[in-house]
Peer 1: 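Dumping the structure here so I can ask a few things about it.
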Amino acid sequence: MTCDLMKFRLLAALLFLASSAAALAADPPPNIIYIMSDDMGFSDIGCYGSEINTPNLDALAADGLRYTQFYNTARCCPTRASLISGLYPHQAGVGHMMNDRGYDGYRGDLNRNCVTIAEALKSAGYRAYMSGKWHVTKATQPKSEADKHNWPLQRGFDRFYGTIHGAGSFYDPNTLTRDNQYISPHADPEYGPDQWPGETYYYTDAISDHAVRFIKEHHEQTADAPFFMYVAYTAAHWPMHALEKDIQRYAGKYDAGYDAIRQARYEKLISLGLIDADATTLFPIDPAAKEREFWEWDKRNMEVYAAMIDNMDQGIGRIVQSLRETGQLDSTLLCFFQDNGGCAEQYGRRGKAAPRNSEPTMPPMADSDLQPRMEPQQTRDGYPVRTGRGVMAGPPDTYIAYGKAWATVSNTPFREYKHFTHEGGISTPLIVHWPDQVKRAGKLEQTPAHLIDLMATAVDVSGAEYPKTSHDGQPIKPMEGVSLAPTFSGKAIDREAIFWEHEGNRAVRNGDYKLVAKGAKGSWELYNIAQDRSEQTDLAEEHPEVVEKLAKQWEAYARRANVLPLNPKRGK
């Protein structure tokens with residue numbers, strides 16, 4: 001081959017690559033939808049091992065990717081702060097809950113040294129919408145508009161429907177907000193009974209329906225711009241509230257009991273390839289957590305829990321259908337994940353059950369009245385809200401959690417629960433669906449990843465410019481995550497370690513090794529996650545050099561990420 005011919009071919013190749021890159025850059029950026037559920041375990045949806053009917057999530061997984069080692073931060077509001085900012089939660093100011101503990105990592109309010117995904121994507125021309133639970137501000141009783149400085153519209157979103165607070169009745173949620181104003185679900189001219197899927201207002205339906213509304217209105221009004229949408233369900237957080245039509249589908253489903261349901265999930269997870277039988281085990285469920293005297297009651301709790309997830313999946317189906325009808329499904333990056341593991345909290349499970357009164361005993365509430373309490377004292381029509389063992393969950397006059405035994409089933413086959421940084425507290429499904437770019441339909445992705453990566457992913461695929469300063473010149477902390485876009489096509493990502501801390505529970509994962517401790521005074525435990533993801537064989541004494549290395553990494557993270565002092569109880 002002559003020198004001139006070689007030069008010609010090289011030039012042609014360079015021109016081809018340049019034109020291909022230009023064509024790629026010219027592609028319109030995708031819409032991005034992040035859907036997060038609340039207080040659900042790793043095995044709670046069908047395509048991750050469950051018996052619960054989730055055909056819409058299963059279909060997204062069949063046409064997309066399922067991640068086997070995706071992580072959250074073990075608790076609701078730290079997860080939300082971390083997701084929306086792309087930082088570890090303490091860096092965003094939400095290391096614990098919505099109270100100020102006197103240190104920058106524990107202010108209980110999203111700080112001004114971070115930007116939200118909605119704010120970051122403005123540089124790429126995105127509009128932003130949110131439907132669901134916010135829970136990253138203390139300002140649930142604002143006395144002025146200035147107090148709303150960390151509400152969604154003040155943090156980059158163009159439209160918002162949802163709750164500012166973290167929990168509440170599904171029939172009468174407190175802090176329900178449209179855009180920037182509190183509203184009553186029973187006096188809302190924009191979403192009245194003629195628009196409810198059933199005869200009753202139900203918050204999960206309302207979240208789904210407003211997500212659909214935002215998609216359709218965006219297509220009708222601003223279709224030339226891409227959009228980011230954050231859908232934050234409160235399903236399946238306590239209270240166990242579900243519509244009777246959904247509960248009926250699960251009547252008798254859990255008659256076999258905790259152990260049989262858990263065993264079936266375990267076997268399904270193995271058959272799906274999501275876990276390895278040689279690296280997991282079903283350790284015993286705590287006998288004290290199993291109900292005997294009140295078995296019919298606890299079985300009902302799980303039937304209602306399943307119905308809550310079923311209803312959420314129905315809503316996700318409506319969201320997907322709205323994308324399909326508007327011609328946007330293939331060009332939308334859609335991700336589903338959960339905020340923490342199954343919840344073993346005992347809310348409403350203590351004390352003797354009160355029977356339901358035959359008639360209302362309290363004055364009815366006016367339609368325009370706002371619900372002021374997380375746990376209402378009464379229903380709108382005047383029945384007292386009841387808790388206690390034996391109160392059959394589901395209707396609006398009940399307020400019950402599903403308990404530790406069922407949470408163990410939800411977290412199959414992992415250890416511990418919400419709050420803790422063992423695998424049961426931090427492991428979540430991640431489903432990624434984007435037909436234009438994700439061509440590995442139905443595949444499993446084994447790369448360990450964390451929800452801090454979802455900011456980096458959004459910035460990457462949108463072409464946005466992540467800011468160095470914002471909020472009137474405030475310095476913005478660099479993103480902690482890495483884009484997951486390479487994994488969409490099976491490529492590796494470069495990361496050394498992932499870190500956690502919540503309430504003194506702490507962990508670091510580097511490669512296959514995970515160092516984890518329970519409580520601020522708990523000793524470090526060491527596990528090889530590739531060989532023991534159920535965390536049953538502590539290797540700390542066998543490999544002290546690994547413990548020392550990972551502990552130093554965690555301490556360096558804690559110093560730079562506003563984690564210290566560890567689990568402060570009050571302000572300084």
Side-chain angles (χ1 to χ4, degrees), residues 39-45 48-52 68-69 74 236 238 240 253-272 274-303 305-306 338 340-347 349-350 389 400-429 505 507 514 516-519 522-542:
D39 278 19
M40 287 172 53
F42 185 76
S43 71
D44 272 336
I45 59 176
Y48 276 80
S50 181
E51 71 293 331
I52 299 172
T68 65
Q69 299 184 83
W238 49 256
M240 299 297 99
K253 189 77 170 179
Y254 298 97
D255 289 358
Y258 312 105
D259 293 299
I261 300 299
R262 187 169 176 240
Q263 181 68 38
R265 288 191 178 195
Y266 182 58
E267 293 173 1
K268 185 176 178 182
L269 281 161
I270 293 169
S271 69
L272 291 171
L274 288 159
I275 60 171
D276 185 346
D278 293 333
T280 54
T281 186
L282 282 189
F283 48 89
I285 298 175
D286 182 358
K290 296 180 179 180
E291 284 290 344
R292 292 173 176 83
E293 180 183 358
F294 291 92
W295 164 240
E296 291 297 322
W297 165 69
D298 215 25
K299 183 178 67 173
R300 166 75 174 196
N301 290 331
M302 188 60 189
E303 292 171 356
Y305 180 84
Q338 298 162 187
N340 46 248
C343 176
E345 296 166 357
Q346 297 297 300
Y347 202 103
R349 296 177 62 86
R350 298 182 177 91
R389 297 170 75 195
I400 306 289
Y402 79 151
K404 185 176 180 180
W406 287 124
T408 310
V409 174
S410 288
N411 290 341
T412 304
F414 303 140
R415 179 179 160 197
E416 298 297 347
Y417 314 92
K418 172 185 175 181
H419 296 262
F420 301 104
T421 55
H422 287 76
E423 292 292 284
I426 59 176
S427 296
T428 166
N505 305 306
K514 179 182 172 188
V516 59
K518 187 174 179 180
S523 300
W524 285 118
E525 305 164 18
L526 179 68
Y527 300 99
N528 185 318
I529 295 299
Q531 299 173 1
D532 179 22
R533 196 165 176 204
S534 297
E535 297 172 310
Q536 297 299 296
T537 304
D538 183 0
L539 303 174
E541 291 187 6
E542 184 177 342

Peer 1: Considering residues at least two apart in sequence or located in another chain, which fulfil the side chain to side chain contact (heavy atoms under 4.5 Å, CB included) criterion with Ser271?
Peer 2: Lys268
Peer 1: Has Arg349 got a side-chain atom pairing as donor or acceptor with Ala401's backbone, closer than 3.5 angstrom?
Peer 2: yes
Peer 1: Do Val516 and Phe420 have side-chain heavy atoms sitting under 4.5 Å apart?
Peer 2: no
Peer 1: With heavy-atom distances below 4.5 Å as the criterion, would you say the side chains of Leu539 and Tyr527 are in contact?
Peer 2: no
Peer 1: List the steps and the verdict of salt bridge (charged side-chain N to carboxylate O under 4.0 Å, His left out) for Lys518 and Glu416.
Peer 2: CA-CA 10 Å; Lys518 187 174 179 180; Glu416 298 297 347; 2.9 Å; yes
Peer 1: Rounded to the nearest 0.5 Å, how far does NZ of Lys514 lie from OG1 of Thr421?
Peer 2: 6.0 Å
Peer 1: Which is it for Glu535 and Glu525 under the side chain to side chain contact (heavy atoms under 4.5 Å, CB included) test, yes or no, and what are the steps along the way?
Peer 2: CA-CA 9 Å; Glu535 297 172 310; Glu525 305 164 18; 5.9 Å; no
Peer 1: Drop me the distance from Arg265's CZ to Ile52's CD1, to the nearest 0.5 angstrom.
Peer 2: 5.0 Å
Peer 1: Which pair of heavy atoms, one from Gly342 and one from Ala407, lies closest together, and at what distance?
Peer 2: C-CB, 4.0 Å
Peer 1: Less than 4.5 Å apart, side chain to side chain, heavy atoms only: is that true for Glu303 and Met240?
Peer 2: no
Peer 1: Do Gln69 and Ile529 come close enough that some side-chain heavy atom pair is under 4.5 Å?
Peer 2: yes
Peer 1: Which atom pair, heavy atoms only, marks the closest approach of Ile270 to Ala277?
Peer 2: CD1-CB, 3.7 Å
Peer 1: Answer whether the closest heavy-atom distance between the side chains of Glu345 and Tyr417 falls below 4.5 Å.
Peer 2: no
Peer 1: Using the test side chain to side chain contact (heavy atoms under 4.5 Å, CB included), find all partners of Ala289 that sit at least two apart in sequence or belong to another chain.
Peer 2: Asp286, Lys404, Ala405
Peer 1: CD/Glu267 to CG/Leu282 distance, rounded to the nearest 0.5 angstrom?
Peer 2: 8.5 Å
Peer 1: Can you name the closest pair of heavy atoms from Leu272 and Gly49 and give their distance?
Peer 2: CD1-N, 3.9 Å
Peer 1: Using a cut-off of 6.0 Å, state whether more than 12 heavy atoms not belonging to Lys253 lie near its atom NZ.
Peer 2: no
Peer 1: From Arg389 CZ over to Ile400 CD1, what is the distance, rounded to the nearest 0.5 angstrom?
Peer 2: 11.0 Å
Peer 1: Parallel, tilted or perpendicular: which one describes the rings of Tyr254 and Trp406, with boundaries at 30° and 60°?
Peer 2: perpendicular
Peer 1: Mind checking what makes ring pair (Phe, Tyr, Trp, His ring centres under 6.0 Å) contact with Trp524, not counting sequence neighbours?
Peer 2: Trp554
Peer 1: Please report the interatomic distance CG(Asp259) to CD1(Ile285), rounded to the nearest 0.5 Å.
Peer 2: 4.5 Å
Peer 1: Is it possible for you to check whether Arg262 lies under 6.0 Å from the centre of the six-membered ring of Phe283, through NZ or CZ, and within 45° of that ring's axis?
Peer 2: yes
Peer 1: Between Asp39 (side chain only) and Trp238 (backbone N and O only), is there a donor and an acceptor less than 3.5 Å apart?
Peer 2: no
Peer 1: Which heavy atom of Asp538 sits nearest to which heavy atom of Leu526, and what is that distance?
Peer 2: OD1-N, 2.9 Å
Peer 1: By side chain to side chain contact (heavy atoms under 4.5 Å, CB included), which residues pair with Thr280, not counting sequence neighbours?
Peer 2: Tyr266, Ile275, Pro413, Arg533, Ser534
Peer 1: Any idea which heavy atoms bring Gln346 and Ala344 closest together, and the distance?
Peer 2: NE2-O, 3.0 Å
Peer 1: Nearest 0.5 Å, please: how far is CE in Met302 from CH2 in Trp297?
Peer 2: 14.0 Å
Peer 1: Do Ser410 and Asp44 have a side chain donor and acceptor closer than 3.5 Å?
Peer 2: yes
Peer 1: Check ring pair (Phe, Tyr, Trp, His ring centres under 6.0 Å) between Phe42 and all other residues, then give those that pass, not counting sequence neighbours.
Peer 2: Tyr48, Phe414
Peer 1: With distance as the sole test, does Glu293 use its side chain to make a donor-acceptor pair with the main-chain N or O of Glu291 at under 3.5 Å?
Peer 2: no
Peer 1: Under the 3.5 angstrom rule, does the side chain of Ser43 hit a backbone N or O of Val409 as a donor-acceptor pair?
Peer 2: yes
Peer 1: How about Ile426 and Asn340: do any of their side-chain heavy atoms sit closer than 4.5 Å?
Peer 2: no
Peer 1: Sequence neighbours excluded, which residues qualify as side chain to side chain contact (heavy atoms under 4.5 Å, CB included) partners of Ala279?
Peer 2: Asp276
